[in-house]
Undergrad: 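Below: one structure in structure tokens.
Quick caveat, the model's predicted, so the values are computed rather than measured.
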Amino acid sequence: MSTHSGDVSNNDSSIRNIDSCSSVTELEDIDFSRLPRPRNLNIERQGSYDEKSLTETQLGFSPHPPSRAENFFRALEHFDCIFSPSKRSEFTTPRSPFGQGPHPMVAEAWDSLRRTLVHFRGQPVGTIAALDNSDEKLNYDQVFVRDFVPSALAFLMNREPEIVKNFLLKTLRLQSWEKKIDRFQLGEGVMPASFKVLHDPVRNTETLIADFGESAIGRVAPIDSGFWWIILLRAYTKSTGDTSLSELPECQKGMRLILSLCLSEGFDTFPTLLCADGCSMIDRRMGVYGYPIEIQALFFMALRCALLLLKHDAEGKEFVERIVKRLHALSYHMRNYFWLDLKQLNDIYRYKTEEYSHTAVNKFNVMPDSLPEWVFDFMPVSGGYFLGNVGPSNMDFRWFCLGNCIAILSSLATPEQATKIMELIESRWHELVGEMPLKVCYPAIEGHEWRIVTGCDPKNTRWSYHNGGSWPVLLWLLTAACIKTGRPQLARRAIEVAEQRLSKDGWPEYYDGKLGRFIGKQARKYQTWSIAGYLVAKMMLEDPSHLGMISLEEDKQLKPVLKRSASF
């Protein structure tokens with residue numbers, strides 16, 4: 001998801017490009033004739049291939065008893081709206097809250113979304129970041145991997161999968177480019193942050209230009225792009241029932257290259273991924289370096305999706321084994337050490353420090369005095385959430401929306417934890433939703449802390465942009481989490497809040513202020529993922545079975561006893 005802060009359009013010389021006239025074979029060297037006829041899976045809510053646990057998939061154990069959320073989905077089987085790969089969604093315009101026909105915003109949203117389509121050699125390959133022409137484009141005229149995800153889901157839900165397929169293949173081809181920043185070569189598996197199509201009317205050629213982080217502010221490679229690519233490949237497979245795309249040797253290799261970067265052994269003592277600031281949606285300096293929740297949750301979900309997509313051949317089997325081991329370690333670490341509720345907050349408040357032994361309770365040597373005052377009032381009695389970051393002598397107590405929602409959708413959060421996350425959102429509705437859903441993080445940092453953490457960033461002032469700003473795109477993630485936890489009425493409430501202003505304000509990128517009352521001071525209008533996020537949220541409410549393409553059921557084999565180990 002995007003910050004769009006590097007002026008790539010005016011600095012094309014720093015990015016490698018390929019001319020379609022002279023390099024058609026290189027750009028199009030995937031042999032489409034090798035694609036077998038699409039094989040439609042029998043995708044049903046119960047017993048689908050990707051809702052099995054690791055134990056069921058590999059050891060043949062019987063499924064676990066249904067949870068409350070699973071019973072909610074099974075009740076939907078009795079309605080005609082249940083999703084079928086062969087049935088195009090009838091939802092192209094949402095109904096009004098009063099059931100008197102389609103909501104007028106939807107036709108406008110679909111029209112705006114289609115106007116963002118980008119074509120290469122006559123085929124749609126993505127959507128640009130924004131249609132706003134009121135200011136310098138910077139890189140808002142590019143196709144961002146993270147930004148395209150809600151657009152892709154909207155097209156999949158509307159039974160238009162070709163653009164998603166084209167996007168997956170184009171970005172896969174870009175992955176194979178040589179990637180250098182100055183004299184340093186990036187890992188082979190790095191996916192681009194974005195790409196654009198340059199048209200030369202004189203030569204009648206089209207050129208693809210990709211950015212792997214070398215043109216962005218901070219020069220940080222996008223760790224999340226590879227994860228979103230794998231997640232979107234699984235969504236395409238789940239939606240269409242077509243496994244031939246994911247089974248392409250090129251797609252299998254692309255996944256293995258991404259996984260090689262993430263599963264490589266190093267100096268870390270934790271199963272989480274060590275990250276630089278600015279490597280994900282929050283792509284400016286915001287104090288999220290270390291082990292940010294967004295990357296860990298996406299990492300977990302990408303691993304689970306890859307486990308379902310990888311072939312069990314000689315090369316794939318090795319990765320499957322490594323994934324299973326990492327998932328067990330990662331789920332235990334996250335569910336225990338990143339989780340915060342009232343009891344754990346009280347435990348941290350009473351921590352002793354400078355413990356040196358295997359029986360240490362304060363394993364990360366967190367200073368109780370570092371607990372911010374706001375967290376004691378923010379934490380409800382029955383709620384909880386995953387911390388923003390946990391590392392040596394460091395706990396970031398900020399609440400981050402994307403990481404917590406992905407934790408629910410990927411089942412990184414146990415059902416009990418997912419329920420507590422939703423109870424916190426409902427209890428703190430005024431703070432997190434306010435007048436425009438949804439806060440990217442809470443609370444904002446300000447004063448001296450803002451100067452130190454952001455480096456006096458004028459774009460991330462308090463309650464603006466990434467620093468406590470409200471992002472409408474997050475509406476689709478909230479809706480998906482609400483449906484999965486059996487709380488669709490909460491999603492409907494948030495959508496109705498957004499519908500009061502979002503279209504009238506011109507679909508801004510983000511809103512400012514404690515309540516999200518003001519259009520962001522540097523927000524682009526007609527931001528594509530604000531438009532697509534709204535459509536996806538509405539379509540999921542209309543047909544909750546669409547959730548299946550972006551949600552994974554709980555794997556009981558990954559569920560640890562929520563109790564600290566003897567050494568913690």
Undergrad: Which atom names give the shortest non-hydrogen contact between Ile230 and Leu309, and what distance separates them?
TA: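 In this case the closest contact between Ile230 and Leu309 is O-CD1, 4.0 Å.
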Undergrad: What do the steps show when you test Trp507 against Tyr534 for ring-ring contact (aromatic ring centres under 6.0 Å, His included), and what is the final call?
TA: CA-CA 10 Å; Trp507 306 93; Tyr534 168 75; 5.6 Å; yes
Undergrad: Over 60° means perpendicular and under 30° means parallel, so classify the ring planes of Trp471 and His466, tilted if in between.
TA: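 The arrangement is parallel - the two ring planes meet at less than 30°.
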Undergrad: Go through the steps for Ser239 and Arg159 under the test side-chain hydrogen bond (donor to acceptor under 3.5 Å, both in side chains), then give the verdict.
TA: CA-CA 8 Å; Ser239 173; Arg159 312 313 304 140; 2.8 Å; yes
Undergrad: Keeping the roles fixed (side chain from Asp211, backbone from Ala193), state whether a donor-acceptor pair exists under 3.5 Å.
TA: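 The answer is no, because no donor-acceptor pair under 3.5 Å joins these two groups.
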Undergrad: So, Asn404 side chain and Phe400 main chain: donor-acceptor pair closer than 3.5 Å or not?
TA: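 Yes, because the side chain of Asn404 sits within donor-acceptor range (under 3.5 Å) of the backbone of Phe400.
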Undergrad: Might you point out which heavy atoms bring Ile293 and Leu387 nearest each other, and give the distance in Å?
TA: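 Here Ile293 and Leu387 meet closest at CB-O, 3.3 Å.
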Undergrad: In plain terms, say whether Arg256 and Glu315 are close enough for a salt bridge, that is, a side-chain N and a carboxylate O under 4.0 Å apart.
TA: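 Salt bridge present between Arg256 and Glu315.
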Undergrad: If I take atom CG from residue Leu261 and atom CE from residue Met191, how far apart are they, to the nearest 0.5 angstrom?
TA: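 So the gap between those two atoms works out to 10.5 Å.
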Undergrad: Restricting to non-hydrogen atoms, name the atom on Leu169 and the atom on Leu245 that form the minimum distance, rounded to 0.1 Å.
TA: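 Of all heavy-atom pairs spanning Leu169 and Leu245, the closest is CD2-CD1, 3.7 Å.
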Undergrad: Using every non-hydrogen atom in the two residues, find where Pro192 and Thr171 come nearest and quote the distance to one decimal.
TA: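 Minimum heavy-atom contact is CD-O, 4.2 Å.
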Undergrad: Any salt bridge between Arg398 and Asp396, counting N to O under 4.0 Å?
TA: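 A salt bridge links Arg398 with Asp396.
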Undergrad: Examine the side chains of Glu554 and Ser411 and answer whether a donor and an acceptor come within less than 3.5 Å of each other.
TA: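 No, no side-chain donor-acceptor contact under 3.5 Å.
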Undergrad: Could you verify whether a donor N or O on one side chain and an acceptor N or O on the other, from Gln527 and Tyr510, lie under 3.5 Å apart?
TA: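 No pair is found: no donor N or O on one side chain lies under 3.5 Å from an acceptor on the other.
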Undergrad: Check whether any side-chain N or O of Lys311 sits under 3.5 Å from a backbone N or O of Glu247 as a donor-acceptor pair, and report yes or no.
TA: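 Checked: pair present.
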Undergrad: Are more than 12 heavy atoms from other residues, nucleotides or ligands located less than 6.0 Å from atom OH of Tyr289?
TA: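 No.
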Undergrad: Got a second to check how far His312's NE2 is from Glu321's CD, nearest 0.5 Å?
TA: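 Between His312 NE2 and Glu321 CD, I get 10.0 Å after rounding to 0.5 Å.
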Undergrad: Between Arg234 and Ser246, do the side chains contain a donor N or O and an acceptor N or O under 3.5 Å apart?
TA: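 No pair is found: no donor N or O on one side chain lies under 3.5 Å from an acceptor on the other.
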Undergrad: Do Trp529 and Ser151 get their side chains close enough for a donor-acceptor pair, meaning under 3.5 Å?
TA: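 Their side chains do not contain a donor-acceptor pair, so the 3.5 Å distance test is not met.
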Undergrad: Which heavy atom of Val145 sits nearest to which heavy atom of Ser225, and what is that distance?
TA: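 The answer is CG1-O, 3.6 Å.
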Undergrad: Does a side-chain N-to-carboxylate-O contact under 4.0 Å join Asp111 and Arg115?
TA: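 Yes, Asp111 and Arg115 are salt-bridged.
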Undergrad: May I ask you to say whether Glu160 pairs ionically with Arg114, meaning some side-chain N is under 4.0 Å from a carboxylate O?
TA: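 Result for this pair is yes, salt bridge flagged.
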Undergrad: Between CG of Leu327 and CG of Asp555, what distance do you get to the nearest 0.5 Å?
TA: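 CG of Asp555 is found 8.0 Å from CG of Leu327.
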Undergrad: Count the heavy atoms of every other residue, nucleotide or ligand shown that sit under 6.0 Å from NZ of Lys253, and state whether that count exceeds 12.
TA: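 Not buried by this count: 12 neighbours or fewer within 6.0 Å.
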Undergrad: Can you tell me how far apart CE (Met539) and OG1 (Thr479) are? Round to the nearest 0.5 Å.
TA: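 If I round to the nearest 0.5 Å, the distance is 11.5 Å.
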Undergrad: Please tell me whether Tyr291 and Asp268 have a donor and an acceptor in their side chains that are separated by less than 3.5 angstrom.
TA: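 On atom types as modelled, these side chains qualify, holding a pair under 3.5 Å.
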Undergrad: Could you tell me whether the side chain of Met549 reaches within less than 4.5 Å of the side chain of Leu547, counting heavy atoms only?
TA: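 Contact flag for Leu547/Met549 side chains = no.
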Undergrad: Compare every heavy atom of Ile282 with every heavy atom of Glu294, then report the nearest pair and how far apart it is.
TA: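 Distance-wise, the nearest heavy atoms are OE1-N, 4.4 Å.
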